[in-house]
Amino acid sequence: MPKRRDTLKNPEQELRIFRVRALLAVLVVVILTGLLTGRLAYLQIVQHDLYSTRSEKNRVRVEPLPPNRGLIYDRNGVLLAENRPTYNLTLVRERVDDLDETLALLVELLDLPEEDIEAFNVRSRQRQRPFQPALLMSDLSEDQIARLAVNRHRLPGVEVEAQLLRYYPDAEMMAHALGYVGRINAEEMQTLDAGRYAGTHFIGKTGVERFYETELHGQAGLRKVETNARGRVLRELGRTDPVPGGNLTLTLDKSMQMLAYELLAGRRGSIVAIVPGTGEILAMVSTPGFDSNQFVTGIDVASYRGLQENIDLPLFNRAIRGHYPPGSTIKPFLALAGLVEGVITPDSTISDPGFYQLPNDSRRYRNWLRWGHGRVDMERSIAVSNNTYYYTLAHDLGIDNLHEQMSNFGFGRRVAHDVQGESTGLMPSRDWKRARFNQPWYPGETLSVGIGQGYWQVTPLQLASATATLANRGHWVKPRIALEIGDVPLAQDLPDTLPDIQLDNENWWNRVFSGMEKVISGNEGTARRTGVGLEYRMGGKSGTAQVFSLGQDQRYNADELEERLRDHALFMAFAPLEDPQIAVSVIVENAGGGSTHAAHLARAMTDAWLLNDDAPDVEEVKEVLEEDTANVEGN
C-alpha cells in the first residue's frame with residue numbers, strides 16, 4: 001500500500017480561513033460604517049440646532065457698544081467736561097489660555113513701573129460678567145499700541161479698543177464742583193444694570209458727574225461681527241446704535257469760578273456765590289484743588305499718596321464738607337431771630353462796657369473792643385460787630401429758640417438740591433449735646449453760640465444759602481448746580497422744605513439791611529475799607545473764627561502763633577441791596593480778620609457779576625488787599 005505524502009500547503013483550509021477573515025473584516029467595516037453614519041445622522045439631524053448655534057457663535061460675536069458720555073457746559077455754553085479719543089487695553093479672561101503668562105507678557109511689553117504692576121494684575125482679576133472685557137489700562141501711547149500690535153498673535157483675548165475718554169480742560173479749578181469719572185470697580189459692577197453699562201468702563205465717582213450719572217451716561221448698543229479662527233473681525237453683520245448721554249448745562253459761570261479760584265490762589269479756603277432769587281450756584285470753589293484728569297485714567301500710587309499726605313488736603317471739598325465756626329457773620333441772622341421771637345426791636349439798646357456777665361457769674365465774656373462800644377442798638381451792633389449785644393440777645397433767646405430760628409435759615413442741614421456729598425454742618429441744641437456727650441447744656445455755651453463760636457459749625461455753601469435767604473427777605477430757595485439736560489430745563493420750582501421767615505413789621509428787614517450796609521459803607525463799619533469806590537449798595541458781615549479757645553484774660557496775637565493756629569477769615573454779602581442779584585460767602589483759613597482778608601474777595605465777586613467788564617482784575621484786588629492789610633497791621 002503506498003505511503004501518504006505530507007503537504008506543506010492546504011489550499012482548501014487557507015480558502016476557508018480567508019473567507020472567515022474577509023467576512024469578519026466586512027462585518028467590522030459595516031458596523032463601523034453604520035456607527036459613523038448613525039453618528040453623522042445624529043449630529044446633522046438630531047443635534048442640528050445645537051451645533052449650528054455653536055458654530056455660529058464661533059463665527060459670529062456680539063460686541064457691546066458703549067454710549068458717548070454727555071458733555072458738561074457752564075451757563076454760557078463754555079465746555080467744562082469733554083470726551084477725547086483714546087485707546088484702552090482690555091482683556092476677556094474666558095478667551096485667555098494662560099492668564100499669568102499673558103499678564104507677564106503684557107507687563108513686559110508695556111514697560112510698566114514696579115508700583116503699577118500690582119494694580120494692573122488686580123484689575124485683570126476683578127470680578128466681571130462672563131465674556132465682559134476688563135479694562136486693564138487707559139490712554140495707551142503710540143509706542144505701547146505698536147508693541148501690542150506686533151505681538152497680537154501671542155495675546156489671545158487681549159484687545160486695544162478705541163474709545164472716548166473724559167477730559168476736564170480746567171481740572172484743578174473745577175475738580176470739586178464737577179467731580180470726576182473713574183473705572184467701575186467690583187462693588188459697583190454688582191449693582192449696575194448689565195445692559196445699560198455693557199462695554200462701559202467708567203462711571204461718575206464724585207460731584208456733578210456722580211449726581212447726574214444716569215442722565216450723562218446714556219444707553220449701550222451692540223453689534224454682531226463675523227470673526228476668523230483667531231478672533232479677528234472680518235465684517236459687521238448688524239448693529240443697534242448706542243444712545244448717547246444728555247449734555248448737561250450747569251448754573252456755574254466759568255469766569256466767576258475762575259475769579260474765585262484765582263482770588264484764593266495760594267490759600268486754603270472756599271468761595272460760594274448764589275443767585276438769591278433762583279438758587280443758581282454761580283461759583284463753588286475749594287482750594288487747593290487737584291488734577292481730576294489723573295483719576296479718569298487711574299492715578300498712579302505715588303501721585304495718590306502725595307495727594308493724601310498733603311497737609312493742605314487738596315482732595316477735601318471745603319465748600320460742602322468743610323466745618324467752620326461762622327463767627328460774627330451770623331449776627332444779622334441772630335438779630336432777625338430776636339425780632340421774630342419779640343426779644344428785641346430795631347431800637348432796643350444796651351450799654352456795652354466791653355464785656356458781658358451772666359447773673360451770679362464772675363466770668364467776663366469780652367467784646368472784641370476791650371473798652372466797649374458804649375450805647376449800641378441793633379443796626380450799630382451789626383455795623384461794629386458788637387459781641388456784648390449778641391451775648392445779651394443769645395442769653396435772652398435761649399439755646400432752644402436759637403436752634404429753631406437758625407435751622408430755619410438752613411444751618412445744621414443739607415441745603416442744596418443736587419450737590420453730591422454735602423455735609424449738614426452742626427447747629428447745636430440741648431438735645432444734641434445730651435445725645436452726643438450725655439451732658440446738660442450750660443448758659444455760657446449759649447453765649448458762645450451767640451457770636452458764632454462754640455459747637456456751631458457751618459459749611460461755606462450753607463452760609464451762602466443762608467445769605468441768599470436773608471437777601472430774599474426770608475424766602476428760602478434751594479440752591480442747585482444744574483440748569484438743563486439737553487434742551488430740557490430741570491425743575492425750576494424745587495420743593496421747599498423750610499418755611500418763610502415772617503417779621504411783624506416788613507420795615508424791620510430794611511433795618512437789618514441798613515446795619516449790614518453800614519458794615520461796608522458806614523463810618524464805623526468793620527469792613528468800611530472794602531466799600532471804597534463801591535458803585536452799588538451792598539450789605540455784608542465779616543466774621544473771625546477762632547481755631548482754638550483763649551483764656552479769659554488772654555489776648556490773641558497772630559504774630560506769636562503758627563500759621564495754622566491763626567483765626568479763619570469769613571465774610572458774607574449780597575448786592576445790590578434793593579434788588580439782590582448775588583449772595584456770596586468767603587472763608588479763608590488761618591488768614592486773620594474777615595473784614596480785611598475775606599471782605600475784599602467778596603467785593604471782587606459781586607463787582608464781577610454786577611459790573612462785568614468794569615470789575616477790577618485779580619491783581620488789582622490783591623494789591624488793595626495787601627495795602628489794606630498793611631494799614632490794619634500798622635494800626
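Counting heavy atoms from C-beta on, the side chains of Lys254 and Met174 come closer than 4.5 Å. When side chains are defined from C-beta on, Leu601 counts as touching Leu264, because their heavy atoms get closer than 4.5 Å. Annotation: side chain of Arg305 is not in contact with side chain of Asn310 (no heavy-atom distance under 4.5 Å). At a threshold of 4.5 Å between non-hydrogen side-chain atoms, the residues Asn293 and Thr297 do not count as touching. Two residues are said to be in side-chain contact when any heavy atoms from C-beta on lie closer than 4.5 Å; Lys478 and Val415 fail this criterion. Side-chain contact check for Arg223 versus Thr240: every heavy-atom pair is 4.5 Å or farther apart. A heavy-atom distance below 4.5 Å is not found between the side chains of Met284 and His176. Put simply, the side chain of Leu248 does not reach to within 4.5 Å of the side chain of Leu71, judged on heavy atoms.
Residue Tyr87 qualifies as open at atom OH: its count of foreign heavy atoms under 6.0 Å is 12 or below. For Arg210, the CZ atom is loosely surrounded, since the number of other residues' heavy atoms within 6.0 Å does not exceed 12. For CG of Leu40, the number of neighbouring non-hydrogen atoms (other residues, nucleotides, ligands) closer than 6.0 Å is greater than 12. Around CG of Asp143, the count of heavy atoms belonging to other residues, nucleotides or ligands within 6.0 Å exceeds 12. The number of heavy-atom neighbours closer than 6.0 Å to CD of Glu142, taken from other residues, nucleotides and ligands shown, is 12 or below.
Aromatic ring centres of Phe571 and His597: separated by at least 6.0 Å.
Listed here is the closest heavy atom pair of Leu461 and Ile320: CD2-CG2, 3.9 Å. When all heavy atoms of Ala319 and Ser286 are compared, the pair lying nearest together is N-CB, 4.0 Å. Residues Pro288 and Arg318 share a closest heavy-atom pair of CD-NH1, 3.7 Å. Considering all non-hydrogen atoms of both residues, Ala569 and Gly594 come closest at CB-CA, 3.7 Å. Here the closest non-hydrogen pair linking Pro479 and Ser465 is CG-OG, 3.7 Å. The nearest pair of heavy atoms linking Pro325 to Leu570 is O-CD2, 3.8 Å.
A donor and an acceptor atom, one from each side chain of Gln257 and Tyr261, are nowhere located under 3.5 Å apart. Under 3.5 Å, the side chains of Asn83 and Tyr167 contain no donor-acceptor pair of N or O atoms. With hydrogens and angles left out, the side-chain atoms of Thr459 and His323 include no donor and acceptor closer than 3.5 Å. Of the N and O atoms on the side chains of Tyr324 and Glu589, at least one donor lies less than 3.5 Å from an acceptor on the other residue. With hydrogens and angles left out, the side-chain atoms of Asn76 and Asp253 include a donor and acceptor closer than 3.5 Å.
A donor-acceptor pair under 3.5 Å is absent between the side-chain atoms of Thr200 and the main chain of Phe202, judged by distance alone. Distance alone, capped at 3.5 Å, places no donor-acceptor pair between the Thr249 side chain and the Arg75 backbone. Remark: the backbone N or O of Tyr180 is not paired with any side-chain donor or acceptor of Ser292 at under 3.5 angstrom. No donor-acceptor distance shorter than 3.5 angstrom exists from the side chain of Gln219 to the backbone of Pro244, with no hydrogens or angles considered. Panel note: side chain Asn247, backbone Gly70; no donor-acceptor pair is recorded below 3.5 Å. Side chain of Gln462 to main chain of Thr424: a donor-acceptor pair is present (N/O by atom type, distance under 3.5 Å, no hydrogens or angles). Judged purely by atom type and a 3.5 angstrom limit, Thr287 has no side-chain atom pairing as donor or acceptor with the backbone of Gly289. Thr251 places a side-chain N or O within donor-acceptor distance of the main-chain N or O of Arg480, the cut-off being under 3.5 Å. Between the side chain of Arg321 and the backbone N or O of Gly421, at least one donor-acceptor pair lies under 3.5 Å. Judged by distance alone, with hydrogens and angles left aside, the side-chain atoms of Asp418 form a donor-acceptor pair with the main-chain N or O of Ala482 at under 3.5 Å.
The pair Arg268-Asp312 counts as a salt bridge, with a side-chain nitrogen and a carboxylate oxygen less than 4.0 angstrom apart. Looking at Glu209 and Arg166, a side-chain N of the basic residue comes within less than 4.0 Å of a carboxylate O on the acidic one, giving a salt bridge. Between Glu188 and Lys205 there is a salt bridge, since at least one side-chain N of the basic residue sits less than 4.0 Å from a carboxylate O of the acidic one.
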Next on the checklist: Applying side-chain contact (heavy atoms from CB on, under 4.5 Å) to Leu610 and Gln581, what does each step give before you reach the verdict?
Outcome noted: CA-CA 8 Å; Leu610 298 175; Gln581 301 298 312; 3.8 Å; yes

Checklist entry - After noting the C-alpha distance and the side-chain angles of Ile281 and Val419, does the key distance pass the side-chain contact (heavy atoms from CB on, under 4.5 Å) rule? => result CA-CA 10 Å; Ile281 299 174; Val419 176; 4.0 Å; yes

Checklist entry - Does the side-chain contact (heavy atoms from CB on, under 4.5 Å) test come out yes or no for Tyr304 and Leu315, once each step is laid out? => result CA-CA 10 Å; Tyr304 187 61; Leu315 294 177; 4.1 Å; yes

Item to check | Verdict with reasoning, His217 to Tyr197, per ring-ring contact (aromatic ring centres under 6.0 Å, His included) | outcome: CA-CA 9 Å; His217 177 264; Tyr197 280 84; 3.9 Å; yes

Checklist entry - Does the side-chain contact (heavy atoms from CB on, under 4.5 Å) test come out yes or no for Tyr168 and Val296, once each step is laid out? => result CA-CA 10 Å; Tyr168 305 102; Val296 177; 3.8 Å; yes

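For the atom pair Asp74 CG and Leu80 CG, the distance stands at 5.0 Å (nearest 0.5 Å). A distance of 13.5 Å separates OG in Ser423 from CZ in Arg413, rounded to the nearest 0.5 Å. Here the CD1 atom belonging to Ile203 is positioned 11.5 Å from the CG atom belonging to Leu216, to the nearest 0.5 angstrom. A distance of 10.5 Å separates CZ of Phe211 from CD of Glu422, quoted to the nearest 0.5 Å. A distance of 7.5 Å separates CH2 in Trp609 from OG in Ser255, rounded to the nearest 0.5 Å. One distance of note links CD1 of Ile271 with CG of Leu282; it measures 12.5 Å at 0.5 Å rounding.
Applying salt bridge (Lys or Arg N to Asp or Glu O under 4.0 Å) to Arg69 and the options Glu82, Glu213, Glu215 leaves one that passes, Glu213. The one candidate from Val584, Thr467, Ile587, Val586 that meets the side-chain contact (heavy atoms from CB on, under 4.5 Å) condition with Met572 is Thr467.
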